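Heads up: the structure comes next, in structure tokens.
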Amino acid sequence: MQLDRTPCVLGEEARSLVKEAKILVVGAGGIGCEVLKNLALSGFQDIEIIDLDTIDVSNLNRQFLFRKEHVGKPKAVVARETILGYNPDIKVKAYHDSITSQEYGVNFFKQFSLVLNALDNRAARNHVNRMCLAADIPLIESGTAGYSGQVELIKKGVTQCYECQPKPTQKTYPGCTIRNTPSEPVHCIVWAKHLFNQLFGEEDPDQDVSPDSEDPEAKTEDGHSMTDTGNVKRISTRQWAQEIDYNPTQLFNKFFFEDIEYLLKMENLWKSRKPPVPIKWEEATTDGEKTEVKDDDNIKNTDMKVWSINKCAQVFAKTVDVLKKELSGRNFLVWDKDDQPGMDFVTACANIRSHIFSIQMQSKFSTKSIAGSIIPAIATANAIVAGLVVLHAFRALQEQYERCSAVYLRRKSKFSKFVLAADNELQKANPVCYVCSPKPFVNVFVNTNTMTVKEFENEILKKQLNMIAPDVVLDGKFVVVISSEEGETQANDNKTLVEMSVVEGTVLKCDDFLQNYELQIAVNHYEAKEKDDPLFKVAVNPEDLKAKEDIKNGGANGKKEENHDEDSDDEPTIVENPPEDPQEGSSSKRRKLNPPEDSDDDLIVLDEIIE
Amino acid sequence: MSEQSLSAVEAELYDRQIRLWGIESQEKLRAANVLLINCRGLGCEIAKNILLSGINSLTVLDDSLVTEEEQIKNFFLTKESIGKKLAEAILPKAQSLNPLVKITADCENPVEKNANFFEAFTIIITTGIKTDLVLKLDKICRINKVKLISGDVFGMFGFSVADFLNHEYYEDRVQMLPKKRTQDGSVKTTIQVKGQIDYPELNKVLIFPNTKQSIDAIKKSNRRNGLFFLMLTLLEFRNENGRNPQISTKTDDIEKLKIIKKSIVGLYKISTSIFEDSLFEQSFGEVVPVCAILGGVIAQEVIKAVSHKEITINNIFLLDPVTFNGKEECVGA
């Protein structure tokens with residue numbers, strides 16, 4: 001006879017619910033591995049796993065279902081094999097695939113008793129949130145970032161959804177800060193990544209690295225920009241680099257001497273700033289000690305130390321050479337923080353630029369954190385959060401939703417007794433949420449004169465509003481602006497919104513069939529004025545934008561740029577101290593930044609005990 | 001492997017945690033020698049987490065034989081392990097989690113070990129043992145400057161009790177310096193803030209009826225977390241019965257628990273409403289996700305104790321089986 005693995009404290013009814021339940025685990029990373037182990041050892045018998053990723057060495061310090069020999073294999077597949085080893089008598093199905101793929105529609109979700117999210121990025125979380133709302137399946141959402149983490153239930157009509165509260169937007173940097181006036185290490189790192197793409201990557205006109213003569217700050221009093229006086233229109237950086245066969249000395253002198261000399265000519269920029277100091281190859285390489293670029297197996301000396309300018313120049317030359325060879329025969333290279341030459345190139349270039357602008361130089365180790373948007377992750381936080389996920393699962397299966405209030409894992413502090421802090425009650429849905437309210441509605445602020453339909457689809461509908469395959473019609477008229485059918489509205493792609501009669505006051509009806517999601521969008525014409533202004537904005541109430549901007553200013557520490565989810569393994573949801581977490585953050589509410597301890601009278605004792 | 005700095009292989013493997021606690025902490029971890037007494041439901045969770053963290057060595061001391069009940073909730077075991085010595089049976093899977101850690105199995109009874117066996121460790125973790133052994137170990141640990149943490153899971157309830165001696169620690173705090181210039185951004189610097197916690201010895205913390213210990217230090221606070229007394233009641237049940245409450249003798253065991261609670265309430269002169277008797281219903285078995293939570297909390301305390309980075313829990317951690325709040329309770333200081 002088989003022993004019953006379900007916890008005996010649950011009672012007969014709950015134990016059979018566990019045995020009969022069909023569970024979907026979305027993500028087999030840090031939290032996913034722990035959740036799957038808990039499920040298999042707690043008597044769950046029907047589990048499906050979906051994960052797009054393959055296994056990397058840096059996963060092995062916490063994703064304990066994987067071992068060194070699994071590196072490169074799909075996470076979902078290996079996770080399935082390992083948990084079947086714990087319990088060979090259960091049914092486990094693995095999908096090495098993206099959950100946002102069209103195959104996993106509402107009917108796919110409907111077959112499960114419960115969905116457990118163990119994701120690492122906001123886009124996928126938003127999508128699963130919508131799918132579970134549409135299928136009316138309870139979802140347990142979780143995340144960790146460093147020592148912190150959280151677990152919460154999302155159930156249509158009972159709790160708030162993942163998108164009920166606006167989340168802080170990703171910090172981006174204005175082009176002229178990157179190109180002309182960097183003041184922090186991150187600005188130079190972003191610039192160095194752009195330089196990589198200009199020389200070896202996929203060319204992107206938004207990633208220009210040369211001085212920007214249109215910088216409003218650089219304009220002279222009579223309003224003239226420098227363009228007419230001296231900006232030589234030259235061939236693309238890539239073309240030029242190829243013509244000189246990636247000669248490192250010439251490249252070096254161009255980016256770190258000539259371009260800087262040019263910047264110095266924009267005198268207005270340096271009235272209140274320390275002007276940059278251009279540096280020539282000869283100067284950089286004779287400067288200081290003779291550094292040998294040795295492959296030392298001592299991480300403290302290579303990765304943790306800040307390189308000298310001489311070493312940066314040597315690494316620049318060496319990596320340009322390696323990357324040039326890698327590029328030959330290919331259209332472009334894709335930068336990856338785990339790719340040695342690319343990472344070394346960015347470290348060297350960012351540091352040379354930092355040196356020029358008197359910005360503190362960084363070790364390769366910290367450059368990698370910033371350039372790769374790495375969120376630290378540890379086994380213990382994942383284990384704790386995954387334990388809570390499955391405890392919540394026991395309750396959610398019994399439909400004891402009111403007992404599933406959110407729980408936050410926090411870094412232990414001298415000022416609080418809480419390591420795990422639970423909300424006293426469920427978070428109620430936002431009545432005007434643009435996802436889960438009965439009539440979803442949102443305002444967008446875009447420049448209708450310049451934004452094209454394609455940009456609107458990609459930047460607003462997909463990136464901001466997280467749709468997968470939207471259909472858009474002009475409300476009241478039967479004009480199809482965007483269709484999810486391949487090619488059907490291709491003719492509209494390059495038209496501006498104005499040309500499609502999408503102007504201030506227009507209402508668009510958007511429909512994402514996969515997500516079973518309909519949204520009305522009110523279009524507001526808006527032009528970015530200051531150089532720090534965002535290019536577009538999205539808000540339910542225009543007044544919210546004010547508040548949102550305040551949060552952003554308080555919370556962003558400027559670590560990230562565009563690709564924030566690039567490497568967040570274990571999904572970063574929260575942060576206890578706003579200045580610490582630039583991430584994807586705080587899943588749903590900022591309230592959790594001030595956890596519910598004021599309601600707990602034990603707290604009063606705290607000081608007596610600790611002090 | 002001791003004081004030398006990390007190799008490139010280790011830096012890559014431990015990258016995501018080094019970015020959190022720093023390379024100095026990682027170097028202290030890889031010099032740490034850890035003893036784990038008992039590697040069952042909770043023990044295997046702790047072992048997993050500290051093996052992954054990259055300590056120097058782990059010794060597993062466990063004199064039990066693998067039963068079927070144990071096998072199904074311990075991910076280090078397989079069906080083939082049943083009947084074998086547990087400490088040895090877990091070795092292959094435990095080692096595969098991290099080939100860099102030296103793991104040793106010891107199948108002797110911890111009670112029969114000589115005091116000098118325990119001296120060599122940086123920290124000792126115990127699960128599922130009687131209080132008299134915990135107190136004996138604590139005495140040995142205090143003489144030899146070895147840290148000690150003891151934890152248990154009873155059903156949905158779990159706790160840990162630590163004696164980290166006079167523990168010095170530091171935390172990194174990010175400070176915003178005033179802006180240097182009128183332009184963008186302010187400068188951040190990280191400073192180290194040092195602190196010290198003096199842990200009470202455990203015979204001032206774990207005090208049961210019929211002992212001569214003074215309870216004054218514990219009584220000092222009149223706002224004790226009721227779960228502390230639930231913890232004492234469950235520990236005393238094990239001390240008296242040589243086992244944890246069992247679902248097969250549920251009714252009898254709950255009666256016994258109620259009697260023990262009464263004597264504890266009498267000793268501390270507190271009201272019986274300090275915790276609900278219904279919590280006893282939640283105290284059977286070793287619930288896997290609760291082991292995962294306690295295993296995470298205890299392993300994190302071990303990591304902090306060894307690395308001296310971040311403030312540790314002083315000195316008891318209590319997981320509420322109903323609300324899932326997990327709180328520090330400072331007892332006996």
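Naming: A, B, ... by sequence-line order, numbering from 1 per chain. Not measured: the values here are computed from a predicted model.
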So which pairs with a foot in residues 41-52 of chain B pass salt bridge (charged side-chain N to carboxylate O under 4.0 Å, His left out), sequence neighbours left out? A:Glu34-B:Lys48, A:Lys37-B:Glu45, B:Glu45-B:Lys48
side-chain contact (heavy atoms from CB on, under 4.5 Å) between A:Leu39 and B:Val288: does it pass, once the steps are laid out? CA-CA 9 Å; A:Leu39 293 175; B:Val288 168; over 6 Å; no
Does B:Tyr14 offer a backbone N or O that forms a donor-acceptor pair with the side chain of A:Asn61 under 3.5 Å? no
Atom CG of B:Asn98 and atom CZ of A:Arg67: how far apart are they, to the nearest 0.5 Å? 12.5 Å
Output the option from B:Thr323, B:Leu97, B:Leu13, B:Val287 having the highest count of non-hydrogen pairs under 4.5 Å with chain A. B:Leu13
Is there a side-chain contact (heavy atoms from CB on, under 4.5 Å) between A:Arg62 and B:Arg16? Walk through the geometry before answering. CA-CA 9 Å; A:Arg62 61 199 184 284; B:Arg16 294 304 182 272; 3.7 Å; yes
Test side-chain contact (heavy atoms from CB on, under 4.5 Å) applied to A:Ile378 and B:Trp21, step by step: CA-CA 10 Å; A:Ile378 52 175; B:Trp21 53 54; 3.6 Å; yes
Atom OG1 of B:Thr78 and atom OH of A:Tyr86: how far apart are they, to the nearest 0.5 Å? 12.0 Å
Could you please state which residues from residues 294-302 of chain B sit under 4.5 angstrom from chain A, measuring non-hydrogen atom to non-hydrogen atom, sorted by number, or 'none'? B:Gly296, B:Val297, B:Ala299, B:Gln300
Using a cut-off of under 4.5 Å on heavy-atom pairs, state which of B:Ile72, B:Ile18, B:Asn49 scores highest against chain A. B:Ile72
Once rounded to the nearest 0.5 Å, what's the spacing between atom CG of A:Asn38 and atom CZ of B:Phe75? 9.0 Å
Quick one: do B:Asp15 and A:Lys337 make a salt bridge, cutoff under 4.0 Å? no
Does A:Arg403 use its side chain to pair, donor to acceptor, with the backbone of B:Val322 at less than 3.5 Å? no
